[in-house]
J.: 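I have a structure I would like to understand better, so I am pasting it below and will then ask my questions one at a time.
First listed ligand is number 1; within each ligand, the first listed atom is number 1.
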Amino acid sequence: MLRTHTCGELRLDHVNQKVTLAGWVQRVRNKGGLIWVDLRDRYGVTQLIFEEGSTDKSLLEKAAQLGREFVVQAVGVVIERTSKNDKLPTGAIEIKAEELTVLNPAKVPPFIIEDETDGGDDLRMKYRYLDLRRNVVREKLQLRHRMMQETRKYMDGQNFIEVETPVLIKSTPEGARDFVVPSRVNPGEFYALPQSPQTFKQLLMVSGFDRYFQIVKCFRDEDLRADRQPEFTQIDCEMAFVTQEDILNTFEGLIKHLFSAVKGIELGYVEHMTYADAMKGYGNDKPDLRFDMKFVELDHLAKGKGFSIFDQAELIVGICAKGAAEYTRKQIDELTEWVKRPQIGAKGLVYVRYNADGTLKSSVDKFYSSEDLTFWAQAFGAQPGDLMLVLSGEAKTVRKQLSELRLKMGEDLGLRDRNVFKPLWVVDFPLLEWDEETQRFHAMHHPFTSPKREDIPLLETDPGAVRANAYDLVINGVEIGGGSIRIHDRATQQLMFTHLGFSDEEAQKQFGFLMEAFEYGAPPHGGIAFGFDRLCAIFGGSDSIRDYIAFPKNNSGRDVMIDSPSTIADAQLEELSIRVALKK
Ligand code: ASP
């Protein structure tokens with residue numbers, strides 16, 4: 001090997017040893033007759049010292065010519081430093097250099113390769129391979145690596161078998177657009193890249209695999225956001241002969257194992273909440289439970305007092321921000337402006353301040369006596385010092401708006417600590433969701449999700465009210481996984497397709513293979529998939545999944561480093577029997 005040690009391992013114990021190190025030049029400090037070089041590799045930084053007198057002249061000259069990011073090999077003796085750096089694990093020693101070999105010079109990098117860099121996002125993306133040299137970035141990928149190894153360890157320990165499923169498949173209806181790949185040998189035909197291995201993992205259950213998992217790339221052609229990438233990774237899982245409880249227990253086990261093994265955190269009890277309760281209590285199917293601020297409905301207290309906005313509203317609902325009565329008029333005005341922004345869309349914000357002296361002051365004092373407001377405060381469980389914030393309007397819309405306000409207040413009041421983790425199972429999702437645009441029902445999870453048996457009759461009378469055997473795992477307001485108990489018989493699967501507006505022929509054409517498989521002895525089964533990138537981001541305390549992906553795409557789905565997507569040569573198109581005629 002070109003080195004005897006790494007740049008992160010030498011300590012006082014090594015003093016007087018002759019060592020060979022190799023790495024990148026992070027920094028050179030030249031004081032004339034004295035030159036220090038910080039040498040970096042993946043493991044750390046070690047200081048080399050070149051000194052006039054004890055070092056021969058040509059060596060000193062060589063060191064003086066080193067530039068940032070040169071790749072070098074240095075031989076020398078470990079000595080104790082006179083002025084130690086206790087911020088650096090190797091800070092007690094340095095290497096008195098005796099030989100120096102430049103293995104490869106480097107151009108001046110386009111940005112500083114240190115924890116604090118001067119490189120903007122775009123530049124760092126273009127030179128991602130340089131960005132990855134920075135500790136802060138590499139550490140994120142190391143966390144990802146750890147998570148992957150621990151996932152495999154747990155799953156293997158639970159008897160799961162890792163099976164790879166194909167990447168060139170046919171469309172899976174997960175609700176997003178497919179990426180497609182033309183087939184050269186079948187002109188005019190296309191593969192689709194999997195949005196998930198959903199149908200394959202179900203077929204593996206029919207095959208008797210019983211417990212499957214895979215850490216797998218999935219592809220969805222959606223509009224991009226900070227927490228979305230066109231290709232992303234799932235921990236994809238399926239089990240046979242299990243109930244929903246079995247699945248929740250097994251994967252609660254996985255998450256607890258990861259927290260314990262990777263972060264040294266013992267997660268406590270994982271709460272279960274129905275979708276209906278989550279929507280009613282938090283206006284959101286992925287509530288952040290690091291803080292309370294549960295919704296309180298005020299219709300029975302606030303209607304019929306002459307305040308026409310409330311009288312006309314379908315729902316009057318609010319939150320109580322503990323200790324926020326100190327908010328100034330200006331701060332409340334800012335909150336009002338905030339909820340009125342088009343992104344939130346509220347018409348206005350009513351507040352009730354529960355002053356420290358026990359008096360109540362509201363923005364609707366004209367309509368409500370202090371006795372009325374005392375009833376409100378009781379409903380909120382408010383105490384002197386609290387601030388109640390109330391919205392009204394169409395029920396579904398107002399819950400959504402209040403959910404945003406709740407998250408903002410949680411943020412403003414410092415209640416969303418990144419080092420606190422509150423996992424939650426949300427269960428009993430609706431089976432179907434009405435889509436205004438297409439004027440029909442869509443599967444809320446996917447078409448293979450089973451309805452609750454007792455709700456099946458509702459499919460005919462009130463399809464929107466049918467509950468599914470579907471669940472999500474939420475941590476700190478982020479959905480990190482979701483799954484369901486599946487349909488495993490042809491008749492129910494066919495019924496489901498009918499309700500989703502598929503004709504028998506369409507259903508047969510797209511999913512005939514699955515429905516046929518169900519006729520050859522399909523065991524009851526169910527599963528779940530976790531968004532692995534997102535899980536890593538949560539563990540790392542970051543909002544962006546991009547940081548946890550070695551070579552991510554930007555907001556336009558572009559890899560600016562390799563410059564992709566790109567056009568292809570005419571000859572390639574010819575081979576694929578494709579002519580490109582872009583729409584203007
Ligand atoms: N395939 C589903 C998804 O990607 C997860 C599941 O139902 O297992 O959301």
J.: Suppose I only count heavy atoms of G483 and a 4.0 Å limit; which atoms of ligand 1 are within that range?
T.: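 Listed by number with element, the hits are 6 (C), 7 (O).
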J.: For the residue pair R406 and F291, would you count it as a cation-pi contact if the rule is NZ or CZ under 6.0 angstrom from the ring centre and within 45 degrees of the ring axis?
T.: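 So R406 does make the cation-pi contact.
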J.: I'd like to check which ligand 1 atoms, numbered from 1 as shown, lie under 4.0 Å from a non-hydrogen atom of H446.
T.: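 Every atom of ligand 1 under 4.0 Å from some heavy atom of H446: 2 (C), 6 (C), 7 (O).
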J.: Could you tell me, atom by atom, which parts of ligand 1 come under 4.0 Å of a heavy atom of A529?
T.: 5 (C), 8 (O)
J.: For ligand 1, which atoms have a heavy atom of Q234 less than 4.0 angstrom away?
T.: 3 (C), 4 (O)
J.: Heavy-atom distances under 4.0 Å decide this one: backbone, side chain, both or neither, for R486 against ligand 1?
T.: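 Answer for R486: side chain.
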J.: Does either side chain, that of Q214 or that of Y212, offer a donor lying less than 3.5 Å from an acceptor on the other one?
T.: yes
J.: Sequence neighbours excluded, which residues qualify as salt bridge (charged side-chain N to carboxylate O under 4.0 Å, His left out) partners of D121?
T.: R124
J.: For residues 467-486, which side-chain donor-acceptor pairs fall under 3.5 Å, sequence neighbours excluded?
T.:
| unit_1 | atom_1 | unit_2 | atom_2 | d |
| --- | --- | --- | --- | --- |
| R467 | NE | D455 | OD2 | 2.8 |
| R467 | NH2 | D455 | OD1 | 3.3 |
| N469 | OD1 | K452 | NZ | 3.1 |
| N469 | ND2 | S450 | OG | 2.9 |
| N469 | ND2 | P451 | O | 3.3 |
| Y471 | OH | S484 | N | 3.3 |
| Y471 | OH | S484 | O | 3.2 |
| Y471 | OH | G527 | O | 2.8 |
| N476 | OD1 | K422 | N | 2.8 |
| N476 | ND2 | V420 | O | 2.9 |
| S484 | OG | T449 | OG1 | 2.9 |
| S484 | OG | R486 | NH1 | 2.6 |
| R486 | NE | E238 | OE1 | 3.4 |
| R486 | NE | E238 | OE2 | 2.8 |
| R486 | NE | S484 | O | 3.4 |
| R486 | NH1 | H446 | NE2 | 3.4 |
| R486 | NH1 | S484 | O | 3.3 |
| R486 | NH2 | E238 | OE1 | 2.7 |

J.: Do ligand 1 and Q195 have nitrogen or oxygen atoms that lie under 3.5 Å from each other?
T.: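 Between Q195 and ligand 1 (N or O atoms, distance only) the closest approach is not under 3.5 Å.
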J.: I want to know if ligand 1 touches R220 in the polar sense, i.e. an N/O pair below 3.5 angstrom.
T.: yes
J.: Taking only heavy atoms of G482 into account, list the atoms of ligand 1 that are under 4.0 Å away from them.
T.: 5 (C), 6 (C), 8 (O)
J.: If I apply the N/O under 3.5 Å rule, does K201 come out as touching ligand 1?
T.: yes
J.: Using distance alone, decide if ligand 1 has a nitrogen or oxygen within less than 3.5 Å of any nitrogen or oxygen in Q198.
T.: yes
J.: Heavy atom under 4.0 Å from ligand 1: found in I528's side chain, backbone, both, or neither?
T.: backbone
J.: Which bit of S196 gets closer than 4.0 Å to ligand 1, counting heavy atoms only: side chain, backbone, both or neither?
T.: side chain
J.: Any salt bridge between E404 and K408, counting N to O under 4.0 Å?
T.: no
J.: Answer with yes or no after comparing the ring centroid distance for F448 and F511 against a 6.0 Å cut-off, counting only values under it.
T.: yes
J.: Give a yes-or-no answer on whether the side chains of E506 and Q510 include a donor-acceptor pair shorter than 3.5 Å.
T.: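 Their side chains do not contain a donor-acceptor pair, so the 3.5 Å distance test is not met.
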J.: Do the charged groups of R144 and D533 touch, with an N to O distance under 4.0 Å?
T.: yes
